[in-house]
There are 2 protein chains.
Amino acid sequence: MTLDETDKKILRLLQEDAHLTLKDIAKQINLSLTPVHDRVKRLQQEGIIEKYVTILNKKKIGQNLTVYCQVTLIKQTHDTSEGFNQSILNLPEVVECNFVSGSFDYMLKIIVPDMESYHQFHQQKLSVLSGVSLIHSFFVMSEVKSTTVLPI
Amino acid sequence: MTLDETDKKILRLLQEDAHLTLKDIAKQINLSLTPVHDRVKRLQQEGIIEKYVTILNKKKIGQNLTVYCQVTLIKQTHDTSEGFNQSILNLPEVVECNFVSGSFDYMLKIIVPDMESYHQFHQQKLSVLSGVSLIHSFFVMSEVKSTTVLPI
DNA sequence: TTCAAGAAAGAAAAAAATTCTGAAAACTAA
DNA sequence: TTAGTTTTCAGAATTTTTTTCTTTCTTGAA
């Protein structure tokens with residue numbers, strides 16, 4: 001369960017590129033295939049490595065607008081929250097949703113093709129969810145940084 | 001450059017699991033290896049597939065606190081912005097940083113081990129950046145959804 | 001009808017992952 | 001220290017996957 005320096009080196013490499021071969025990794029950290037293989041397998045089994053995913057270029061698939069969205073519910077009861085949470089899971093435009101402390105309840109990150117799509121999403125998919133009281137939108141004008149790499 | 005239904009099927013599968021073999025994909029979309037191979041290669045070359053990454057479990061590597069952070073600069077000149085942008089790229093705790101429209105300038109997403117680490121980060125790394133005027137933090141209490149999958 | 005282009009199938013070769021065997025190093029307990 | 005145990009790693013063999021090459025099938029235009 002505790003990560004030694006070799007584990008960390010492997011994780012740092014794999015975070016950046018999930019298609020690195022064991023051979024590549026072995027070479028970069030001066031080990032043979034076997035220990036690298038065993039460690040990666042162990043890290044997967046322990047759930048430290050959660051999954052391998054493919055990152056697409058938003059722009060190139062026509063998803064040009066990112067919006068941060070602060071949502072406030074009518075009341076914070078368990079039922080209201082649970083209903084909202086479940087609905088969010090079914091909305092593919094919502095790529096992040098977190099319950100937060102502060103002057104509103106949820107922070108969402110939405111990705112859509114354009115402003116017209118966002119208007120539709122807002123009107124027909126988000127504001128109609130039961131329990132939703134206030135929605136405050138912030139539009140991304142320029143992306144400075146976006147990474148899946150965690151400090152380790 | 002234009003994606004047909006087969007391309008989209010491949011992208012949908014690969015977004016969820018970058019370690020699917022060509023054989024697996026071929027089977028799921030009823031094709032042989034060759035066209036799947038050719039299409040994946042093309043999608044990579046065109047940059048539609050940007051990269052393959054490994055997602056780690058935040059909790060299991062001790063990164064227990066996520067914070068959304070709204071930053072306002074003293075002034076919005078090009079130089080001030082550029083300086084801020086460059087500094088952000090060097091901070092591993094910042095996993096997202098976007099320039100947004102509205103009552104503040106930047107929306108950041110920060111991942112750190114705990115509140116003490118965040119305090120340190122805030123005081124010693126963020127607030128000291130030149131040009132930073134206001135910082136407003138929202139702490140994540142519960143993660144509802146977090147995905148790298150884009151609607152396609 | 002015939003030719004050319006695009007998409008897919010199948011087979012062969014190259015590369016990678018997986019499994020197996022065993023050696024070296026580190027740690028434990030008498 | 002010494003013997004026993006565990007952990008970590010190396011090397012080789014096997015299996016699986018990727019990559020490359022050749023061929024077939026379909027479609028559309030001359």
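Just so it is clear, the values below take in all heavy atoms, side chains as well, and ignore hydrogens, waters and symmetry mates. In the text below, chain A, chain B and the rest are named by the order of the sequence lines, each starting its count at 1.
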Heavy atoms under 4.0 Å, any strand shown: does T34(A) hit a base, just sugar-phosphate, or nothing?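 The answer is base, as T34(A) lies within the cut-off (heavy atoms under 4.0 Å) of a base atom.
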Over all strands shown, is L31(B) touching base, sugar-phosphate only, or nothing at heavy-atom distances under 4.0 angstrom?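 Sugar-phosphate contact only - L31(B) comes under 4.0 Å of backbone atoms but never of a base.
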To the nearest Å, give me how far apart [atom1] ([X]) and [atom2] ([N]) are.
X: L22(A); N: dT15(D); atom1: CG; atom2: P; result: 19 Å
X: L33(A); N: dA13(D); atom1: CG; atom2: C1'; result: 13 Å
X: I25(A); N: dC9(D); atom1: CD1; atom2: P; result: 14 Å
X: Q44(A); N: dA17(C); atom1: CD; atom2: P; result: 11 Å
X: K23(B); N: dA8(C); atom1: NZ; atom2: P; result: 20 Å
X: H19(A); N: dA15(C); atom1: NE2; atom2: C1'; result: 14 Å
X: R42(B); N: dA7(C); atom1: CZ; atom2: C1'; result: 11 Å
X: D38(A); N: dC20(C); atom1: CG; atom2: P; result: 12 Å

Phosphate-side-chain proximity, [X] and [N], N/O vs OP1/OP2 below 4.0 Å:
X: R39(A); N: dT8(D); answer: no
X: H37(A); N: dT18(C); answer: yes
X: K41(B); N: dT18(D); answer: no

With under 30° as parallel and over 60° as perpendicular, where do the rings of F139(B) and Y118(B) fit, or are they tilted in between?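 F139(B) and Y118(B): perpendicular rings.
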If we ignore hydrogens and angles and just use 3.5 Å, is the side chain of T147(B) paired with the main-chain N or O of V95(A) as donor and acceptor?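 Not a single qualifying donor-acceptor pair exists.
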